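Input: a single structure, listed below in structure tokens.
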There are 2 protein chains.
Amino acid sequence: MAREMLRQGGRSARIQEAVHRTVQELLKNMDRGEITVPMIADKAGVTPSTIYRRWGDLSELLADVAVDRMRPIADPEDTGAMTSDFEAFILQYAEEMSSRVGRALLADVLGSLEGNAPVKCCQYTYHHLETLRKRASARGETPFDLGEAVDFVVAPIVYHILFGDREPTPDYCRALVARFFKQ
Amino acid sequence: MAREMLRQGGRSARIQEAVHRTVQELLKNMDRGEITVPMIADKAGVTPSTIYRRWGDLSELLADVAVDRMRPIADPEDTGAMTSDFEAFILQYAEEMSSRVGRALLADVLGSLEGNAPVKCCQYTYHHLETLRKRASARGETPFDLGEAVDFVVAPIVYHILFGDREPTPDYCRALVARFFKQ
DNA sequence: CCATTAACGCTAAAGATTTGCGTTTAGGTG
DNA sequence: CACCTAAACGCAAATCTTTAGCGTTAATGG
């Protein structure tokens, strides 16, 4: 997001909502390279200057929307055991992030020079991992370390998606997970 | 780079050279957010349309320049043993990539939607690691696996730089390296 | 040395971004 | 609850960026 809103209610919120929704719809139907601020403004029923003043430029707006779309809606599935919980979460994470949409979200999040979209995005991941960790603790399993989970499993997956040097296939992801718990 | 040049000599090469040099100078003195194509064209003594036709847009040009700047100029230092070679290389890699300039290069490389800047950039890393691996083999040491080196060490460093969730300090990097060789 | 055509320069048109100014309205205050 | 203040907006002019047409230059191959 650009700056945090000083005014949260009414018109301001309605416009944010309309703009976000418009961006998401446009992203479904066209390449991000073809999307422009005036185009978004028109479809959202707002003037371009409103968008420029509020978000700065297109990449900040896209990053804002991307972070919003990445926000967790549900906790990771509970499969009954830590390792299977973890593996299930990672497989879904890799699939989502390596999809066309996921790659676009990552690009948008990392493309914002201002703001702190990257940190927010990565906090969502930590949050999910933390949920799994607590769940494991509650079961009496010896929990894993958050930082190590990111280093061993999440980081490699994201690296390969970003640099395109290999595909994060389910087999590859399972191997990462296995290596992590066997360390 | 946009497409590969069909004509490599004379004027075409001079212009590429001038534009690249101009971009690098501008990057030293100002934020990338303030740099524009007409500004580059002016300082390089070219018309803007030439840049647009050849590179497409600013982010492609920046990616092209960034890849160029990342191209290895020298092999990693030879310290006499594989583990110290590897650690020395990683420490330098982390320092370069986490610097102001390095973060900008990474952002530019990953910011190009077209082209294959990310793959090229990452191939440079593989090339360096391969050099270290061969050198170890020649010494009679049992060499490490390239893919695992990226997964265990390079990927976490890059992840933390990109998402800003922690600093890749020398201590942290050394711990990654130690974990890799102890695995 | 000549022919071919990729790549360039110039310029006008189209489009995106910024800016000034008046208006609306959210959030606070008496 | 009516009022005040300033944030956020709409509108429109000015500025800047990007695209496209067309003639010119010069790299490459014969």
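Here is how names work: the chains are called A, B, and so on, in the same order as the sequence lines, proteins then strands, and each is numbered from 1. Note that this is a predicted model, so its numbers are computed, not measured.
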If the condition is salt bridge (Lys or Arg N to Asp or Glu O under 4.0 Å), which residues does [X] pass it with, not counting sequence neighbours?
X	result
B:Asp85	B:Arg135, B:Arg139
B:Arg179	A:Glu148, A:Asp151
A:Glu95	none

If I take atom [atom1] in residue [X] and atom [atom2] in nucleotide [N], what distance separates them, rounded to the nearest angstrom?
X	N	atom1	atom2	answer
B:Glu34	D:dC16	CD	C1'	15 Å
B:Leu58	D:dC16	CG	C1'	14 Å
B:Ile51	C:dA7	CD1	C1'	14 Å
B:Arg11	C:dG9	CZ	P	6 Å
A:Met39	C:dA16	CE	P	7 Å
B:Glu60	D:dT19	CD	P	12 Å

Given [options], the nucleotide with the shortest approach to the side chain of [X]:
X	options	result
B:Arg53	C:dG9, C:dA7, C:dA26	C:dG9
A:Ile15	C:dC8, C:dG20, D:dC9	D:dC9
A:Ser12	D:dA8, D:dC22, D:dA27	D:dA8
B:Arg54	C:dA16, D:dT28, C:dA7	C:dA7

Could you pick out which residue, B:Asp57 or B:Gln8, lies toward the 5' side of DNA chain D when each is mapped onto its nearest nucleotide?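 Here B:Asp57 is the residue nearer the 5' end.
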
Go through residues 40-48 of chain A and report each residue with a non-hydrogen atom lying under 4.0 Å from DNA chain D, sorted by number.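 Nucleic-acid contacts, sorted: A:Val46, A:Thr47.
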
Distance-only donor-acceptor test (3.5 Å): side chain B:Ser49, base C:dC8: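 Under the 3.5 Å cut-off, the side chain and the base do not form any donor-acceptor pair.
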
Solution key, residues 35-43 of chain B side-chain donor-acceptor pairs under 3.5 Å, sequence neighbours excluded:
from    : atom 1 : to      : atom 2 : distance (Å)
B:Thr36 : OG1    : B:Met39 : N      : 3.2

Test salt bridge (Lys or Arg N to Asp or Glu O under 4.0 Å) on A:Glu17 and A:Arg14; report intermediate values, then the result. CA-CA 5 Å; A:Glu17 157 72 11; A:Arg14 273 198 307 278; over 6 Å; no

For B:Tyr172, ring-ring contact (aromatic ring centres under 6.0 Å, His included) partners two or more places apart: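 B:Tyr172 satisfies ring-ring contact (aromatic ring centres under 6.0 Å, His included) with B:His160 only.
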
Could you walk me through whether B:Thr125 and B:Val154 pass the side chain to side chain contact (heavy atoms under 4.5 Å, CB included) test, one step at a time? CA-CA 9 Å; B:Thr125 305; B:Val154 176; 4.3 Å; yes

Phosphate contact (D:dT17 OP1 or OP2) by B:Thr36 side-chain N/O below 4.0 Å: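 For D:dT17, OP1/OP2 do have a side-chain N/O of B:Thr36 under 4.0 Å.
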
